[in-house]
Every structure is written in C-alpha cells, then in structure tokens.
Amino acid sequence: MHEITCPHCGKAFKIDEAGYADILKQVRDREFESALHERLEAAEKAKRTEIELAEARVSAKLETQLAAKAGEIELLKASIQNTQQVSEQAKQLAVKDAVGAVERERDELKSGLERSQLEKKLAEQSLKDKYETQIKDRDDAIERLRDMKARLSTKMVGETLEQHCETEFNRIRATAFPRAYFEKDNDARLGSKGDFVFRDFDGGGSGSGGGDSEASTEIVSIMFEMKNENDETATKKKNEDFLRELDKDRTEKGCEYAVLVSLLEPESELYNTGIVDMSHRYAKTYVVRPQFFLPIISVLRNAALGSLQYKQELALVKAQNVDITSFENDLDTFKTGFARNYDLASRRFQEAIDEIDKSIDRLTKVKDALLGSERNLRIANDKAQDVTIKKLTRGNPTMAEKFAELGEAASE
C-alpha cells in the first residue's frame, strides 16, 4: 500500500499497487504529452522566425535596390532639365533611353522579386514539409512507445512472454514445423532447466515425443530462455547475466543451439537491431527480441538442413555401432556363460579324473595282488611239476617198498 497526500485539502489516503501504478502512468503520460507539445511549439516558433527573417531580408534588399534606381531616375531627370543646349529631340531620345533602361531594370527587379517570393514560398513549403515529417515521425514513435508500453503492461511481463512465444509458434506449427517438438522444459533432474526446448526432425518420424530414432533424423535442436522486467523493477538485469546458465542447460539437455528471447536493456542499440550472435562468449548462443523469435528458428533450421545428409549418415553409423555393440554384448554374455559352464564342467571332469586315478590306484593294487598270487601259483606249479617218485621215496624205505609193490602188482 502507498500513502498519498492531496495537494488541495492536505488529506492523506492509501491506495493499492494497481491504483498507484495507474496514477504513475497518468502522470508519466501527462508529462510526456506536455513535453511533446512544448517541443512542437518550439519547432513551430522557430519555423515562423526563420520565415519572417527570410521575408525581412528579401524586402530590405528590394527596397534598397528600388531606392537606388529611383535616385538614378531623379538624377537623370534633373540632368535633362539642366541641359539647355541639347535639342528637344536629343532630350527626348535621352529621356526615352534612360526611361527604357530604368524600365528594363525595373522589370528585372520585379522578376527578381517574384523569384524571391517564389523561393520564399518554396522555403516555407520545405520547412513545413520538414517539420510535418518530423512531427509524423514523432507521432509514430509515440505510438510505438505507447504500443510497447501497453504490451509490456498487459502481456509481455514474466511468464506472459513465454505464453506469447508459445502462441506465436503454435500459430504456424501446422504449416511451417509439422514434425517439430516445442514444449516447456520440465526436466530439472540436473538442478536447472530452460523455458522451452525445440527439436525438428526430417520426414521419417513424429515430433511429438522426440522422434523415432530408427525412422527419423534430428535436423536442429534449440534451448530457449525468455526474460523480461517491469519498468518499476529496482535491480535491472542484463542479457549477459543469463547466458552462462542458458549454455549449461543447452549442454545438459543435448541441444545444438541456445537462444535468449529478451526484453531486457530496451535502450540498447545492439539488441534492438535484430539477431545478436553471442558465440564469442558461449558457443552457438543468440539473443533476440520477441519479434525475431520465429525468424531465428527459421534461420537455424534452414542452416541445419544443409547438413541433414551428414546427420542421416551419422545416425546410420550410430545405428550400426549400436548393432555391433549389441552383438558384442551378446557375444560377451555367451562367452561369460560358456566360461562359467566350462568352469563347472572342468571341475566335474577333474573330480572324475581324480576318481579314475583313485580307481586306477586300487586296480593297480589289485593287479599287483593278482600278479603276486600268479607268481606264487607258478612257483607252486613249478614245485608240483618238480615232484617225482624218486624224490618222494628218497630216504624213505617204507614208501619205496610200497611203491615197488604197487609197480609189481601193476605189471602182473
């Protein structure tokens, strides 16, 4: 709330922000109109003064010349009257010649006066046209200022500038950018976000969701930021104050260009001339006024169309690289699985080999035992084969006698 004291009654009263702003607007408009009328009156007064001075100079010059000629005529007349010796014919001839010369000079002065009057009229008309042109230019400037002020106070402050740009783009979206993506940047996962992201694609895919990477190629991408201030803003910002953050957003969101749509620094001749390239500060960054919002999109898009073929080839190479990467990933997965199964099989195989070795050891022992038994059997057999009657009866008379009896009985 603001407190205002009436200059007539001295009574103080309070009004809200809207009322205070309206009173300030009325005072500013009144002061502007008053200053304009004062300058117009001063210009009109200067014009009248110049015209009066020109008329005075011409009149004074003509009066001086006429006075000089009148004096010459009087001198001639006096000379004629004083010349008594000259004949009447000579006097008449002299008078006629003098009068003719004077009349010719008079006619020349008259034509000179007419020319001076015509020049004066032309000068007056020229001054009038000049001041009328200046007045018209000032009226146009006043209308432009009033229009800009009205726009600033009604629609281009804060978020309304974003709405204005979005509306302007949507008006021509269907005809100029049918496959384009133009939406607010709502992704703040990395700590900051711009106002709008623009992406346009070739004839393969849809632009509503960012495009189909297999069917379309991105032509151009732009990160937009919109900035404006009220006239009453205490701390005035500059366009360069926002370029660093805008460049950061452009990089984080993978956009090729960055554009600041700004109404800041309204008196700057640099920014009022058109599209300002800020690439010397930040790569592929531009600053424009709102009226150049659509032209900057068209300029960047048309410039990018020249490199569309290279982008398509790059996208194809990337797709091939993705296929190769998928193949390599599948191969690595297969190799990992195969290695795991091989490791398991190798451990099982080694266990089987160990068991076989153990069995071989046991069979070797059995073999050795069998070989030992066979050797003992062979020795026993050899011993059995070596047994004879003589060896059995040697030293045993009883057995010798019995075997002899058995031999005799068998012979009978």
Asp202 side chain to Glu218 backbone, donor-acceptor under 3.5 Å: no

Check: Ala56 main-chain N/O paired with Ser59 side-chain donor or acceptor under 3.5 Å: no

Pairs where residues 287-300 contributes a residue and the test salt bridge (Lys or Arg N to Asp or Glu O under 4.0 Å) is met, not counting sequence neighbours: none

Test item: Asp129 side-chain N/O and Ser126 main-chain N/O as donor-acceptor pair under 3.5 Å: no

For Arg281, all residues meeting salt bridge (Lys or Arg N to Asp or Glu O under 4.0 Å), sequence neighbours excluded: Glu240

Verdict with supporting geometry, Phe198 and Tyr257, ring-ring contact (aromatic ring centres under 6.0 Å, His included): CA-CA 10 Å; Phe198 170 85; Tyr257 295 95; over 10 Å; no

Aromatic ring proximity, centroids under 6.0 angstrom, Phe196 and Phe182: yes

Presence of salt bridge, Lys136 and Asp140, under 4.0 angstrom: yes

Donor-acceptor pair, side chain of Asn302 and main chain of Ser298, under 3.5 angstrom: yes

Side-chain (Asp195) to main-chain (Glu225) donor-acceptor, under 3.5 angstrom: no

Value rounded to 0.5 Å, distance of CD in Glu267 from CD in Glu269: 8.5 Å

Polar side-chain atom of Glu168 near backbone of Leu294 as donor-acceptor pair, under 3.5 Å: no

Side-chain (Ser268) to main-chain (Glu265) donor-acceptor, under 3.5 angstrom: no

Ionic contact status for Arg250 with Asp247, cut-off 4.0 Å: yes

Near-ring test Phe201/Tyr181, centroid separation under 6.0 angstrom: no

Greater than 12 external heavy atoms within 6.0 Å of Lys184's NZ: yes

Chi angles and distances behind the side-chain contact (heavy atoms from CB on, under 4.5 Å) call for Met278, Leu243: CA-CA 9 Å; Met278 303 299 292; Leu243 296 182; 3.7 Å; yes

